[in-house]
Structure formats: structure tokens, C-alpha cells
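What follows is a short report on a single structure.
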Amino acid sequence: MTVPSVTLNDGNSIPQLGYGVFKVPPADTERAVAEALEVGYRHIDTAAIYGNEEGVGAAIAASGIARDDLFITTKLWNDRHHDEEPQAAIRESLDKLGLEKVDLYLVHWPTPAKDDYVHAWEKMVELRAAGLTRSIGVSNHLVPHLERIVEATGVVPAVNQIELHPAYQQREITDWAAANDVKIESWGPLGQGKYDLFDAEPVASAAAAHGKTPAQAVLRWHLQKGFIVFPKSVRRERLEENLDVFDFELTADEIAAIDAMDPGDGSGRVSAHPDEVN
Ligand code: NAD
């Protein structure tokens, strides 16, 4: 199974599909990540706040896979934006992961009420220069946050990782990202199982037309939109299913029908709004 790569604005490349480990219990993480690596995943998305970086690191160490063949992302938590905390935080993450550098380090949330995301982004630029991460990006940043960090530093994030699935497509952010060469990573790509995505007609009929599951049709929609995805599951058969999405293509009409699933008023959001997280 060859997963295509996407080239980031700093010249580095990232596998377009990976495995996300939000809510994978720490005690189960080594097993789950080991299975994901066995099945063929090479891109893992974790975060300091998930509490499972050690399990990710243990699976990487036991896998015998060459470091250059893996793409590992982790994230700076909200209470560590200030002073020199980002440097301390990435060193702790690297220690847990057993790595000398990560491939991508993200500011997890902008926490706008604290007004420290510009400082955090300045520190991210330093962490990249110090060789602790190959690429830097942000997560959950709205257009005004993105504009402000770019204005302050001149450095455009490689990615913005945001909640994105058919009922919540965040077009203002995706348009800004396309215009500024920022790749979008869709978190909650399957809607976190929080609404009836798989029975929705555009998804169910696209899946049936290609002899694929609804989850595979939705993942294919993300990929064909150019988004990077890392669906989460702890079940081997679903890990396999979610990777098996490179032998079919949705038609333009099928894509358009899924595009039309977003009511456009923000009501499809299933998780926290960035302004609420501080
Ligand atoms: P998701 O949309 O990937 O949904 C995961 C749920 O979907 C699983 O619990 C499982 O029940 C179900 N599922 C997975 N594969 C399936 C299949 N083939 N068929 C049927 N059901 C299936 O949601 P997520 O885990 O929140 O998002 C994916 C990743 O995004 C996370 O693991 C994490 O790495 C990242 N994330 C980032 C943020 C952020 O703030 N940056 C927030 C949430 C998640």
C-alpha cells in the first residue's frame, strides 16, 4: 500500500494519510501503533496532551522501521506557550517519543483569550531552527490568528490542523490556506462518530457505487480535496479498512454531493470552537 505524499511549503513531504491517536488509552497505545505500523501506516499524529507519546515511542523503537521512513507529529499544549516553555515542552515530547526530532510540531490551540499565540509561534520558528522539528505548523487557528502570526514573523505555517468533515468544512479557513500554501489537516475526519455521517445519502451512495464502506468514501473525499487525514481506530480491521482507500476514485458529482452536506452555518461542528479553548 503506497500512500501518496504531499509537499509542504518548506519543501518537506508528509504522507497524506496517517494514524491519529487521540483518546487511544496510554496502556493500549504501543499495541495499537505497532499494529498500525504493521498494517502499513508510516505517519502518526499524537500530542503531549494525549498522554500517550511514550506508547508511540515504544512502538516506533520496536518496529525496526528506519526513522526516515516515518513521519511523526506532536503538539505543544495550551499552558506552555509562554517564555521558553515551548523549548522545554518539545524536549519532553522528544524524550517520551525516543526521537531526536519530530517531523512536525504544532501549536495545538491558539488560546486567544490568553493572547500568547504569537509568542508561541515565534518560539516554534526557533525550535525548527534548532533542529528539534523538521516542520512547524498550527492547529485550530482561525483566519485572524493565521494572519497575525504570519504578519508578526513572516513565517507561514506548513499546516493548519482543524476540525473538518462533510458537515463542517470550514471554507473560510480552507480558502485562506489554499491562497497561502498552507496544507489542511482534517481532524475528526469521520465526524468523531458523533453524527450519522455514514448513512447520509451522498456518502452511502458513493460507497455503494465503488463497493467500498462509507468510512472509505469519506476518507477518499478528504484525500481528493487535498486534505491530510489520520483517522483513529484501535481495531486492526478498521486500521486496514481506513488505509485501503487508494484503489478507487470518487467522481466529480460524488464529491460535489458530499460538498453540499455542510449546512454552511457552522452547525455541523462536533467539538470545541477555538475561541472557547483557553
Ligand atoms: P475520527 O473522525 O477519526 O473518528 C474516530 C472514530 O471513528 C473512532 O473512535 C471510531 O469509532 C470511528 N471509526 C474509525 N474508523 C472507522 C471505520 N472504518 N468505520 C467506522 N467507524 C470508524 O476522530 P478523531 O480521532 O477525533 O480524529 C482523528 C485524529 O485527529 C485524532 O486521533 C488526532 O490525532 C487528531 N485530532 C486533533 C485534534 C486537534 O485539536 N488538533 C482534535 C481531535 C483530533
Taking only Lys NZ, Arg NE, NH1 and NH2, and the carboxylate oxygens of Asp or Glu, determine whether Arg236 and Glu240 approach each other closer than 4.0 Å.
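Between Glu240 and Arg236 there is a salt bridge, with a charged N closer than 4.0 Å to a carboxylate O.
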
Salt bridge check: are Asp69 and Arg42 linked by an N-O gap of less than 4.0 Å?
no

Please test Glu35 against Arg238 for salt bridge (charged side-chain N to carboxylate O under 4.0 Å, His left out), starting from the C-alpha separation and ending with a verdict.
CA-CA 11 Å; Glu35 282 196 351; Arg238 283 186 172 168; over 6 Å; no

Between [X] and [Y], is any pair of side-chain heavy atoms under 4.5 Å apart?
X      : Y      : answer
Val270 : Tyr168 : no
Phe227 : Thr174 : yes
Thr73  : His43  : yes
Asp259 : Gln169 : yes
Leu142 : His273 : yes
Leu197 : Met261 : yes
Val102 : Ser93  : no
Pro4   : Phe246 : yes

Which heavy atom in [X] sits nearest to a heavy atom in [Y], and how many Å separate them?
X      : Y      : result
Ser233 : Leu239 : O-CD2, 3.8 Å
Pro189 : Pro231 : CG-CA, 4.0 Å
Val118 : Ala152 : CG1-CB, 3.6 Å
Phe71  : Pro15  : CB-CD, 3.6 Å
Leu127 : Pro86  : CD1-O, 3.8 Å
Thr251 : Glu254 : N-OE1, 2.8 Å

Measure the [atom1]-[atom2] distance between [X] and [Y] for me, rounded to the nearest 0.5 Å.
X      : Y      : atom1 : atom2 : result
Lys183 : Leu8   : NZ    : CG    : 7.5 Å
Ser271 : Lys194 : OG    : NZ    : 4.5 Å
Leu219 : Gln224 : CG    : CD    : 11.5 Å
Ile255 : Leu250 : CD1   : CG    : 4.5 Å
Trp176 : Gln170 : CH2   : CD    : 14.0 Å
Glu172 : Leu146 : CD    : CG    : 10.0 Å

Looking at [X] and [Y], would you say the former's side chain and the latter's main chain have a donor-acceptor pair under 3.5 Å?
X      : Y      : value
Asp265 : Ser267 : yes
Asn180 : Val182 : no
Asn9   : Pro157 : yes
Arg220 : Phe248 : yes
Asn140 : Ile162 : no
Trp121 : Val155 : yes

Strictly by modelled atom types, are [X] and [Y] linked by a side-chain donor-acceptor pair under 3.5 Å?
X      : Y      : value
Asp103 : Thr133 : no
Asn12  : Ser135 : yes
Arg91  : Gln87  : yes
Thr74  : Glu53  : yes
Glu163 : His165 : yes

Give me the one residue out of Trp187, Phe230, Tyr50 that meets ring-ring contact (aromatic ring centres under 6.0 Å, His included) with Phe22.
Tyr50

Intermediate values then yes/no, side-chain contact (heavy atoms from CB on, under 4.5 Å), Leu104 and Ile136
CA-CA 5 Å; Leu104 179 60; Ile136 51 174; 5.7 Å; no

Ser139 and Asn160: side chain to side chain donor-acceptor pair (under 3.5 Å), yes or no, with the steps?
CA-CA 5 Å; Ser139 179; Asn160 188 16; 5.5 Å; no

Report the C-alpha separation of Asp247 and Lys212 in whole Å, then their side-chain angles, then the decisive distance to 0.1 Å, and conclude whether the salt bridge (charged side-chain N to carboxylate O under 4.0 Å, His left out) test is met.
CA-CA 10 Å; Asp247 61 350; Lys212 291 294 205 175; 2.9 Å; yes

Could you go through Glu241 and Thr213, starting from their C-alpha distance and side-chain angles, then the distance that decides it, and tell me whether this counts as side chain to side chain donor-acceptor pair (under 3.5 Å)?
CA-CA 8 Å; Glu241 176 183 333; Thr213 67; 2.7 Å; yes

Applying side-chain contact (heavy atoms from CB on, under 4.5 Å) to Val21 and Val33, what does each step give before you reach the verdict?
CA-CA 8 Å; Val21 295; Val33 174; 4.0 Å; yes

Trace of the side chain to side chain donor-acceptor pair (under 3.5 Å) decision for Glu201 with Ser205
CA-CA 6 Å; Glu201 201 281 327; Ser205 67; 3.3 Å; yes

Is the Tyr19 ring parallel, tilted or perpendicular to the Tyr41 ring (thresholds 30°, 60°)?
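Ring orientation, 0 to 90° scale: tilted.
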
Residue that, paired with Asp116, satisfies side-chain hydrogen bond (donor to acceptor under 3.5 Å, both in side chains) out of His82, Arg80, His81
His81

Check the pair Glu126, Lys123 against salt bridge (charged side-chain N to carboxylate O under 4.0 Å, His left out), reporting the backbone distance first and the verdict last.
CA-CA 5 Å; Glu126 291 179 19; Lys123 292 292 147 186; 3.3 Å; yes

As a quick check of understanding, evaluate side chain to side chain donor-acceptor pair (under 3.5 Å) for Tyr105 and Arg128, giving each step before the final call.
CA-CA 9 Å; Tyr105 197 48; Arg128 184 178 62 180; over 6 Å; no

Gln161 and its side chain to side chain contact (heavy atoms under 4.5 Å, CB included) partner, picked from His108, His141, Glu185
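Exactly one candidate clears the test, Glu185.
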
Report the residue from Val107, Ile90, Leu106, Ile49 that forms a side chain to side chain contact (heavy atoms under 4.5 Å, CB included) with Lys75.
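In the set Val107, Ile90, Leu106, Ile49, the residue that makes a side chain to side chain contact (heavy atoms under 4.5 Å, CB included) with Lys75 is Leu106.
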
Would one find more than 12 heavy atoms of other residues, nucleotides or ligands at under 6.0 Å from atom CD of Glu276?
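Enclosed: over 12 neighbouring heavy atoms sit under 6.0 Å from CD of Glu276.
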
Determine whether Val3 and Leu243 satisfy the following criterion, side-chain contact (heavy atoms from CB on, under 4.5 Å), listing intermediate values before the conclusion.
CA-CA 8 Å; Val3 174; Leu243 192 59; 3.8 Å; yes

